[in-house]
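Just so we're on the same page: letters track the sequence lines, and every chain starts at 1.
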Amino acid sequence: MSFLNLEEKVGELRGKLKKAYNELLFKHGPQGWWPFVEDGEVIYHPNSYHFPKEKFEVFIGAILTQNTSWKNVEKALINLYEENLLNAEEIIKTPPQKLEDLIKSSGYYRVKAKKLKEAANFYLSLKAPPSRQALLSVWGIGKETADSILLYAYNKPFFIVDTYARRFLSSLNLIEGKEPYDRIRALVEASLEKDFRIYNEFHALIVEEMKRRVKK
DNA sequence: TTCCAGGCAATAC
DNA sequence: GTATTGCATGGA
């Protein structure tokens, strides 16, 4: 493939992605991610890009939602809120069995309780925002969870490649579907301006769009 | 009843 | 590097 053709490919992708983003934004509106707990209920905050005062709440949600519907996670988050456990210090202090019991609705509760404690220790050791590599070194934090944290807790422009993103990009014929995580991420990140707000909305919009498509 | 949901680590090849 | 498996609840 010649250099010119490669340039054309990237240009084409850039146009298609931005168009898809604008269409989703028009269709669904700003999504107000990351959802967090306020006054005992999980809320969204469209257009404010306001994230929890406690960034660790994003760690908690991102871990609990691994291969699990967000609705099941919300119950766990509210349980933790009611026990005043939505922060790293308290997660560490809580006995494993109590933690497991509170997050039971999110599934895999034994593994996830351990993951929360690992993440809490990591979080408290931070003196600056973590790198992607540092996050990935934590037991229980994989690529998608790391990118969710970087994007929604630290406002870094990372594209989250989840099952919805794969299906969405496949439906646009931009990927085949089974490409490695980082290849897809690099492809999108090379084609969008480095504005965290776009990545914030895009990921949330893709989730919303694909959830609705499934229901039909 | 089966199938899936905002994955990850361990293991085997 | 890719393929498979255990982890577990709640809703459709």
Within this structure, what is the [atom1]-to-[atom2] distance between [X] and [N], rounded to whole angstrom?
| X | N | atom1 | atom2 | value |
| --- | --- | --- | --- | --- |
| Leu135(A) | dA9(B) | CG | P | 12 Å |
| Leu116(A) | dC8(B) | CG | P | 14 Å |
| Phe59(A) | dC8(B) | CZ | P | 14 Å |

On DNA chain B, check which nucleotide each of Val138(A) and Ser148(A) is closest to and give me the residue with the more 5' one.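 Nearest nucleotide further toward 5': that of Ser148(A).
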
Using only heavy-atom distances, determine whether the side chains of Tyr81(A) and Glu57(A) contain a donor-acceptor pair under 3.5 Å. no

Quick one about Tyr109(A) and Asp101(A) (side-chain donor to acceptor, distance below 3.5 Å, no hydrogens or angles considered), yes or no? no

Consider the side chain of [X], meaning its heavy atoms from C-beta on, and name the nucleotide among [options] that approaches it most closely.
| X | options | value |
| --- | --- | --- |
| Thr163(A) | dG7(B), dT9(C), dA8(C) | dG7(B) |
| Asn67(A) | dG11(C), dC8(B), dA8(C) | dA8(C) |
| Lys115(A) | dG7(B), dA8(C), dG10(C) | dG7(B) |
| Trp139(A) | dA8(C), dG11(C), dA9(B) | dA9(B) |
| Glu144(A) | dT9(C), dA8(C), dG7(B) | dG7(B) |
| Val111(A) | dT9(C), dA8(C), dG7(B) | dA8(C) |

Tell me which pairs pass salt bridge (charged side-chain N to carboxylate O under 4.0 Å, His left out) where either residue lies in residues 60-87 of chain A, with sequence neighbours left out. Lys71(A)-Glu74(A), Glu83(A)-Lys98(A)

Salt bridge check: are Arg132(A) and Asp182(A) linked by an N-O gap of less than 4.0 Å?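 Looking at Arg132(A) and Asp182(A), the cut-off is met.
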
Residues in contact with DNA chain B, drawn from residues 175-189 of chain A - heavy-atom cutoff 4.0 Å: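 Those residues: none at all.
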
Select base, sugar-phosphate, or nothing to describe what Lys75(A) touches, counting heavy atoms under 4.0 Å on all strands.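 Result for Lys75(A) = sugar-phosphate.
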
Would a 4.5 Å heavy-atom cut-off, applied to side chains only, mark Leu151(A) and Pro157(A) as touching? no

Could you check whether any side-chain N or O of His45(A) sits under 3.5 Å from a backbone N or O of Gly32(A), counting only pairs where one atom can act as donor and the other as acceptor? yes

